[in-house]
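As structure tokens, the structure follows; a few thoughts come after it.
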Amino acid sequence: MNIREYMKHHTVLLDGGMGTYLQSRGLGAGELPETWNLTHPEIIEDIQTQYFEAGANVVNTNTFGASVLKFSEEELEKTVAAAIAIARRAAAKAKGDQAKFVALDIGPTGRLLRPLGDLDFEDAVAVFAKTVQLGVKYGADLIFIETMNDSYETKAALLAAKENSDLPVFVSNAYGADGKLMTGATPAAMVAMLEGMGADAIGANCSFGPDKLAPVVEELLAHASVPVLLKPNAGLPRFENGKTVYDITPDDFCAHVRTAVENGVRLAGGCCGTTPAHIALLADALADRAPRKILPKQETVISSYTHAVYFGARPLLIGERINPTGKKRLKQALIEGDMDYILKEGIGQEEAGAKILDVNVGLPEINEAEMLCRAVCELQAVTALPLQIDTADPAAMAGALRRYNGKALVNSVNGKPESMHAVFPLVKKYGGTVIALTLDENGIPADAAGRVAIAKRILAVAKNYGIDKKDIVFDPLAMTVSADPHAAQTTLEALDAIGKELGCHTSLGVSNISFGLPHREIITATFFAAALERGLSAAIMNPYSLDMMKTYRAHAALHGLDANCTDYIAFCETLTDAPAATAAPARKAADAAMTTLREAIIKGRREYAAELTRTLLTEKAGLAIIEEEIIPALDTVGRGFEEKTVYLPQLLISAEAAGAAFEVIRAQAATAQADTPRKETVVIATVLGDIHDIGKNIVRLLLENYGYRVVDLGRDVAPETVLAAVLRERAPLVGLSALMTTTVPAMAETVRLLHEKAPFCRVMVGGAVLTEAYAAEMGADKYAADAMDAVRYAEALQ
Amino acid sequence: MTGEILLFDGTALPPPCEKEILRYSAAGGDTEETKALLRRCLAALPHDTFCYRVCTAELPLRAVTQEVTDLGFAVWKSRDLARYLAGCERILLFAATVGTGIDRLVLRHGRTSPATALLYSAIGTERVEALCDAFCKKMAERYENNTLKPRFSPGYGDLPLSVQADVFRVLGCAQKIGLTLGAGGLMSPTKSVTAIVAIK
């Protein structure tokens with residue numbers, strides 16, 4: 001029988017600990033348990049026979065750490081083949097007539113994925129794929145991904161399982177004391193992502209005893225529409241009289257797990273510290289227990305790597321600012337590959353109250369697929385908000401959805417057959433909630449009934465692709481009211497009907513309504529209020545717009561969505577100058593006393609420096625401001641730093657104030673279609689294997705301040721990537737940073753490659769472990785002792 | 001994987017020390033602006049930024065000569081370590097981490113405000129040192145009949161960083177406390193410490 005069939009009607013008993021049990025059987029400290037499949041197969045077989053005889057339906061192979069990161073391909077194949085054969089023998093020989101299954105056990109790689117660690121997502125997928133392929137080849141019944149403490153790595157493992165097999169896949173995470181994964185995901189976020197990708201069972205294992213995992217299990221059960229599994233430890237390990245002991249007795253363990261099963265858990269076993277004795281007790285406790293029915297939850301949900309966001313509870317604000325349409329400064333940033341500008345827009349909108357960020361980087365001048373993928377990854381490094389992946393290019397959408405850490409909002413599909421054919425398979429594979437526009441090959445119906453009819457058709461086609469109604473959010477399209485006086489009413493009627501007749505959630509790009517009219521915000525905000533009143537679930541809007549935020553906050557306060565009007569009151573406090581005046585009177589007074597931009601930069605007053613620059617721009621040219629105010633200020637601070645009267649944080653604070661002034665000048669130049677003058681291009685990177693980038697970011701900030709165009713390749717950059725960028729940009733100068741002695745060889749290799757293939761380019765190196773002698777030995781042109789030293793060197797080359 | 005896991009909640013540690021943080025951020029004669037920014041950073045720290053975890057094991061020393069320490073699961077060459085371990089028969093090996101929250105904050109601000117990122121990074125360093133202190137204090141209470149020497153980390157003196165692979169394998173850091181070792185020998189989360197404590 002197939003486990004998928006079996007678990008429909010039964011509570012499934014899983015096995016107990018392997019690694020910890022092996023220690024009691026003689027596994028030495030630091031010895032890899034998987035090696036015992038080849039060296040001590042009889043012991044592994046004995047343990048697994050005991051688990052089956054205790055009553056387990058599913059026994060995991062001894063392959064927790066079996067991956068190409070720890071074994072050669074040849075060793076890996078032997079190990080996995082042996083592990084499955086051993087478990088099969090145990091199943092055949094064990095007494096007991098229960099259904100028995102052998103699960104290919106897959107644990108974490110032991111490495112953390114980028115951006116927090118150094119393992120690339122696709123490399124992780126490839127590592128898991130190898131093990132999965134062997135599991136399929138040697139006949140495992142299912143794949144059991146377990147003890148994952150990072151959502152991104154979990155996604156990589158599940159993706160590898162799905163891409164390389166048709167086997168059922170169970171996915172189990174290790175939650176921390178705070179009820180979250182180490183990298184921040186809540187159980188609800190994991191359910192959203194894993195269910196979206198098609199996991200057959202979702203759960204929690206390891207971490208703690210079943211008592212402490214109860215809140216995690218409760219949250220999983222509240223949101224999951226697939227079976228929930230639980231495989232806890234026998235408590236926390238403690239060292240006592242020279243032995244590792246676990247603090248929960250088998251009886252207590254059993255009682256807690258039984259309660260979890262009564263609450264709805266459908267698959268139960270144990271992890272570290274549990275033995276066949278625990279499983280036998282559990283088998284008795286769960287005998288004749290009819291499994292609880294699983295109710296489909298019908299939640300329309302998206303997630304990030306930390307949290308789930310649900311449609312319906314309260315209207316969701318989707319920040320629309322990362323979209324180049326009509327935004328010259330953003331266009332310029334995209335063409336220049338200036339990711340920081342995009343990241344600032346992301347963080348700014350989050351601070352302004354957006355709950356989801358739309359990401360659209362479509363421009364004819366750039367490779368959209370590449371840029372969208374990069375923007376999604378980089379935004380996910382700086383913000384925990386879920387993203388709405390916004391593109392008309394299916395290839396770009398596929399790339400971004402694959403790399404997205406969570407369950408994304410997908411913008412968009414429409415009623416055209418080719419659109420549905422392109423988008424729905426991607427949503428099915430990677431998970432996602434998709435925005436469906438109510439238009440088709442005949443355009444946008446003029447009346448509400450026509451738009452609802454398209455919505456119905458979209459739902460029917462989605463169903464054929466295995467996509468549930470709950471994963472579709474309709475956008476009934478706000479059309480310009482200046483072109484059609486009934487446009488707003490039609491949209492609102494369609495909105496109403498989709499909510500009431502189809503029971504679906506809705507989203508609108510609201511600002512389109514006022515196109516072509518003066519004082520657009522009056523019309524947009526009023527329309528927004530009307531749409532909210534009709535039950536709009538989400539709006540793509542400008543969170544910086546005061547009128548829109550006023551409408552939103554007032555709506556929430558009036559509809560019982562803002563207890564004690566707390567959010568409304570907090571919002572109002574930002575509307576007046578009062579808090580600035582009362583909270584920081586000294587600051588205000590100090591600002592007022594500083595009359596020049598130069599002083600504001602030296603003192604590091606970021607906002608004030610920007611404000612002064614705006615004023616100065618009405619009197620003189622950007623270039624003059626740079627030369628007369630910004631550069632002299634930076635020189636003053638830089639000299640102080642060199643003379644050790646100014647320290648690093650202060651240098652940076654001043655540099656950031658200068659950066660704020662520059663940004664004002666740059667924005668004005670973008671609008672005026674004028675070029676801000678720039679000096680040469682400098683390519684900078686932290687070398688391969690090194691993920692520290694504070695030092696590199698400091699150098700970059702200062703170089704930019706001095707007018708250089710900086711191409712920042714980021715952290716953990718391969719020598720070939722640096723070379724490619726230097727050749728592409730014809731950059732006369734490269735800056736390399738390394739913080740660890742272990743990554744110095746990678747730096748030396750990069751220097752060598754650059755000198756060989758790009759002899760026109762000078763290479764300066766820096767970083768905590770480097771010395772003048774080290775730098776000379778690897779052939780670098782310059783050892784930069786600190787950021788100012790790097791700037792001085794660049795200036796000397798001019 | 002031998003040994004045990006210890007979780008510390010924030011109250012078991014002293015609150016962040018401004019002076020130490022400024023020291024770690026290379027702020028010598030720190031200015032009012034720096035102090036003000038640090039206070040803003042500390043005030044803006046999300047309450048769940050840190051997750052303090054330690055995994056540890058007591059291990060016997062098989063043999064210590066002038067140059068070589070045989071730990072049973074690995075043999076390390078280091079004169080400085082041998083000197084440190086002279087006369088001891090057992091060690092505590094531990095790995096401590098404050099989690100990924102602070103790395104996230106450094107990433108978030110690194111591109112838009114390096115000054116803020118620098119200070120958050122220094123806060124993380126201060127926290128993991130405070131965690132190590134709290135752990136060592138707790139162990140000193142447990143080993144009240146012995147003397148525990150000040151901790152000694154891979155990378156100190158002539159003990160190479162490459163021994164980290166052995167430390168991670170024997171402690172099972174990834175599974176126990178979510179601490180991983182990258183290809184270049186870097187630990188992630190970055191605000192983490194591994195160390196040896198000699199038991200005398």
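Below, read A as the first sequence line, B as the second, and so on, with proteins coming before strands; counting in each chain starts at 1.
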For A:Q650, which atoms come within 4.5 Å of any heavy atom of chain B: side chain, backbone, both, or neither? both

Select one option (side chain, backbone, both, neither) describing which atoms of A:N149 are under 4.5 Å from chain B's heavy atoms. side chain

Taking all heavy atoms of A:C272 and all of B:Q175, pick out the closest pair and write down the distance. SG-NE2, 3.8 Å

Non-neighbouring partners of A:H307 that pass ring pair (Phe, Tyr, Trp, His ring centres under 6.0 Å), sequence neighbours left out: none

What do the steps show when you test B:L7 against A:L236 for side-chain contact (heavy atoms from CB on, under 4.5 Å), and what is the final call? CA-CA 10 Å; B:L7 308 172; A:L236 266 187; 4.0 Å; yes

Given a strict heavy-atom distance threshold of 4.5 Å, which part of B:L105 is in contact with chain A: side chain, backbone, both, or neither? neither

Sort B:V167 into side chain, backbone, both or neither according to what part of it lies under 4.5 angstrom from a heavy atom of chain A. neither

Report, as yes or no, whether the 6.0 Å neighbourhood of atom CD on B:Q66 holds more than 12 heavy atoms from other residues, nucleotides or ligands. no

When only heavy atoms count and the cut-off is under 4.5 Å, which of residues 130-163 of chain B reach chain A? B:R142, B:L161

Once rounded to the nearest 0.5 Å, what's the spacing between atom CD of A:E656 and atom CG of B:L37? 7.5 Å

Please look at A:K180 and chain B and tell me whether the side chain, the backbone, both or neither of the residue comes under 4.5 angstrom of a heavy atom of that chain. side chain

Go through B:L107 and A:L116 one step at a time and tell me if the side-chain contact (heavy atoms from CB on, under 4.5 Å) criterion holds. CA-CA 9 Å; B:L107 271 177; A:L116 292 170; 4.1 Å; yes

For residues A:A29 and B:V170, report the shortest heavy-atom separation together with the two atoms involved. CB-CG2, 3.6 Å

Spacing of CZ belonging to B:R108 relative to CD belonging to A:E350, to within rounding of 0.5 Å: 4.0 Å

A:M182 versus B:T100, closest heavy-atom pair with distance: O-OG1, 2.9 Å

For A:T383, is it the side chain, the backbone, both, or neither that has a heavy atom closer than 4.5 Å to a heavy atom of chain B? both

Where is the tightest heavy-atom contact between B:R169 and A:G30, given as atom of each residue plus distance? NE-O, 2.6 Å

Check each atom of A:A177 against the heavy atoms of chain B and say whether the ones under 4.5 Å are side chain, backbone, both or neither. side chain

Counterpart residues, side-chain contact (heavy atoms from CB on, under 4.5 Å), relative to A:P108 (two or more places apart): A:F64, A:T147, A:M148, A:E153

Let me know if A:Y305 has heavy atoms under 4.5 Å from chain B in its side chain, its backbone, both or neither. side chain

Please flag which part of A:L112 lies under 4.5 Å from any non-hydrogen atom of chain B: side chain, backbone, both or neither. both

Minimum heavy-atom distance B:A115-A:P649, with the two atoms named: CB-O, 4.2 Å

Donor-acceptor under 3.5 Å (B:E33 side chain, A:I653 main chain): no

Engaged part of B:S113 at the chain A interface, taking heavy atoms whose separation is under 4.5 Å: both

Looking at B:A183, B:G110, B:A36, B:G72, which one has more heavy-atom pairs under 4.5 Å with chain A than the rest? B:A183

Which atoms of B:L118 come close to chain A, meaning under 4.5 Å heavy atom to heavy atom: side chain ones, backbone ones, both, or neither? both

Just so I know, are the side chains of A:C206 and B:K176 near enough to count as touching, which here means a heavy-atom distance under 4.5 Å? no

I'd like to know whether NZ of A:K70 has more than 12 heavy-atom contacts from other residues, nucleotides or ligands below 6.0 angstrom. yes

For the candidates B:D103, B:I5, B:D9, which exhibits the highest count of non-hydrogen atom pairs separated by less than 4.5 Å from chain A? B:I5

Contact part of A:E663 toward chain B, heavy-atom cut-off under 4.5 Å: side chain, backbone, both or neither? neither

So if I take each residue of residues 74-83 of chain B and look for any heavy atom under 4.5 Å from a heavy atom in chain A, which residues do I end up with? none

Nearest 0.5 Å, please: how far is NE2 in B:H109 from CG in A:N697? 13.0 Å

Nearest heavy-atom contact between A:G110 and B:A174 is CA-CB, 4.0 Å

Do you know which of A:T183, A:D716, A:I347, A:D712 has the most heavy-atom pairs with chain B at a distance under 4.5 angstrom? A:I347

Which distance, rounded to the nearest 0.5 Å, do you find between the CG of A:L701 and the OG1 of B:T112? 10.5 Å

